[in-house]
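In what follows, residues are counted from 1 in the order of the sequence shown.
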Amino acid sequence: MSDELQHFSMGTWIVALAAVTSFIGVFVGIASARKAVTAPNPRQRYLWLAWGALSIGGIGAWLPHYIAMVGFEVYGSVVRYDVLWIAVSFVVPVAAAAVALLIISPPPTKHRLPSASVEIGRLAGGAVLLGVGFTGMDLAIVSSLEIQGSVDTDILLTAASAVIGLVVGAGIMWSISALESRTLRLVASVVVAAGLVAMHYTGVFGLSVTVDPAVARPDGLEVFSILFPVFVLGMLVVTIPITALLMAPDRVAAELELEADMLAAESLAAETQGRELELQ
């Protein structure tokens, strides 16, 4: 890391805010992806998968990375961000999450019914794809940086960041596929959120800059011009799947209610049959 770089110019509370935001996105995304498995029709299934991809890729991964960039400063230069690379950095993790969720949760057919069993091949494929998406997001965020000079990356720390992204992707896929307990998924989301924040700082600690005052000031966006509207919009958007999850009936409760109705119907039929026999 160059001496000209400062990652905590706004204080270390930025790290906590990024981690909390990541936890919210990941937890809601995992819950949405699991809800897609029990969706009664294809439309609702794809809607839940879409919320899962947006929550994991957008709120859980992308937004915390830009929150962490609030403390990023370069002595002797202004820092701006290129709009095109910002858009790429958002689309990549959301698209990767969408495809990864489709891989581990394929549509049921007459030959393949919904199952709670873990398919290692699909889980590994989804984890790799999600890890690649997170790494692509990190690289796009670095590419969006514009300063009066040049920005270079350390290959080893970039590779370490990619490895963390792969492990985090595997953790998300495993949580969706294997963890039946809400408490376990809650704990897993905390660990994944910490991993995503660690992934970001591992990558940016490998950055080095060369400041050239003779270079013209960049014309991109300031970080707050990106963060404030996106943060508010993201928190509003994530309330939609949260509300839907709270209003949706619990699967276990629904199964127990259905079983109770069936037993009641059988009891009523038996009672009616008994009365008919008495009358005969």
Side-chain angles (χ1 to χ4, degrees), residues 18-19 21-26 28-30 32-33 46 49-70 72 80-105 122-146 151 153-155 157-173 175-176 189 192-193 195-204 206-207 220-221 223 225-227 229-231 233-234 237-238 241:
T21 304
S22 180
F23 163 74
I24 293 172
V26 169
V28 173
I30 290 174
S32 298
Y46 287 117
L49 289 177
W51 284 124
L54 183 60
S55 297
I56 292 171
I59 310 300
W62 181 85
L63 185 54
H65 277 62
Y66 267 103
I67 289 175
M69 295 304 288
V70 168
F72 184 86
R80 296 292 184 267
Y81 297 86
D82 180 82
V83 176
L84 178 59
W85 279 113
I86 292 171
V88 171
S89 70
F90 176 80
V91 171
V92 167
V94 174
V99 178
L101 293 182
L102 285 173
I103 289 175
I104 66 167
S105 179
R122 290 183 178 276
L123 189 150
V128 170
L129 182 59
L130 197 55
V132 170
F134 289 158
T135 300
M137 172 192 68
D138 260 3
L139 295 176
I141 290 174
V142 172
S143 298
S144 72
L145 283 170
E146 295 184 350
V151 179
T153 58
D154 181 271
I155 298 299
L157 286 178
T158 300
S161 176
V163 171
I164 296 174
L166 181 61
V167 173
V168 167
I172 292 174
M173 294 294 99
S175 299
I176 294 171
S189 298
V192 166
L196 284 168
V197 174
M199 176 188 179
H200 168 78
Y201 282 107
T202 300
V204 296
L207 298 181
L221 297 176
V223 67
S225 299
I226 308 165
L227 186 59
V230 173
F231 183 81
L233 181 61
V237 166
V238 82

Worksheet item: Is any side-chain heavy atom of Val168 less than 4.5 Å from a side-chain heavy atom of Phe134?
Response: yes

Worksheet item: Under 4.5 Å between any side-chain heavy atoms of Leu145 and Met69, yes or no?
Response: yes

Worksheet item: Going by atom types alone, do Tyr66 and Ser144 pair a side-chain donor with an acceptor below 3.5 Å?
Response: yes

Practice prompt. Could you go through the side-chain contact (heavy atoms from CB on, under 4.5 Å) check for Ile176 and Ile56 one step at a time?
Written response: CA-CA 12 Å; Ile176 294 171; Ile56 292 171; 4.3 Å; yes

Item to complete: Taking all non-hydrogen atoms of both residues into account, name the closest pair between Gly126 and Ala100 and its distance.
Response: O-CB, 3.6 Å

Worksheet item: Hey, is the main chain of Gly60 close enough, under 3.5 Å, to the side chain of Ser22 for a donor-acceptor pair?
Response: yes

Response to the item:
Residues Leu166 and Val128: closest non-hydrogen pair is CD1-CA, 3.7 Å

Worksheet entry | Minimal non-hydrogen separation, Met199 against Gly165, with atom names | SD-CA, 3.6 Å

Worksheet item: Checking His200 side chain against Leu196 main chain: does a donor-acceptor pair fall under 3.5 Å?
Response: no

Worksheet entry | Trp51: side chain to side chain donor-acceptor pair (under 3.5 Å) partners, not counting sequence neighbours | none

Worksheet item: Is there side-chain contact between Trp62 and Leu54, with heavy atoms separated by less than 4.5 Å?
Response: no

Discussion item. Side chains of Thr158 and Leu139, heavy atoms from C-beta outward: is any pair under 4.5 Å?
Written reply: yes

Discussion item. Which residues pass the side chain to side chain donor-acceptor pair (under 3.5 Å) test with Ser32, not counting sequence neighbours?
Written reply: none

Item to complete: Give a yes or no answer on whether the side chain of Thr202 reaches the backbone of Leu157 with a donor-acceptor pair at less than 3.5 Å.
Response: no

Worksheet, complete the sentence: Nearest heavy-atom approach of Ile141 to Ser89 is CG1-CB, 3.7 Å

Item to complete: Write down the atom of Pro64, the atom of Ala18, and the distance for their closest heavy-atom approach.
Response: CB-O, 3.4 Å

Item to complete: Return the set of residues passing side chain to side chain donor-acceptor pair (under 3.5 Å) with Thr21 (not counting sequence neighbours), or none when no residue passes.
Response: none

Discussion item. Within the structure provided, determine whether Leu130 and Ile172 are in side-chain contact (heavy-atom separation under 4.5 Å).
Written reply: yes

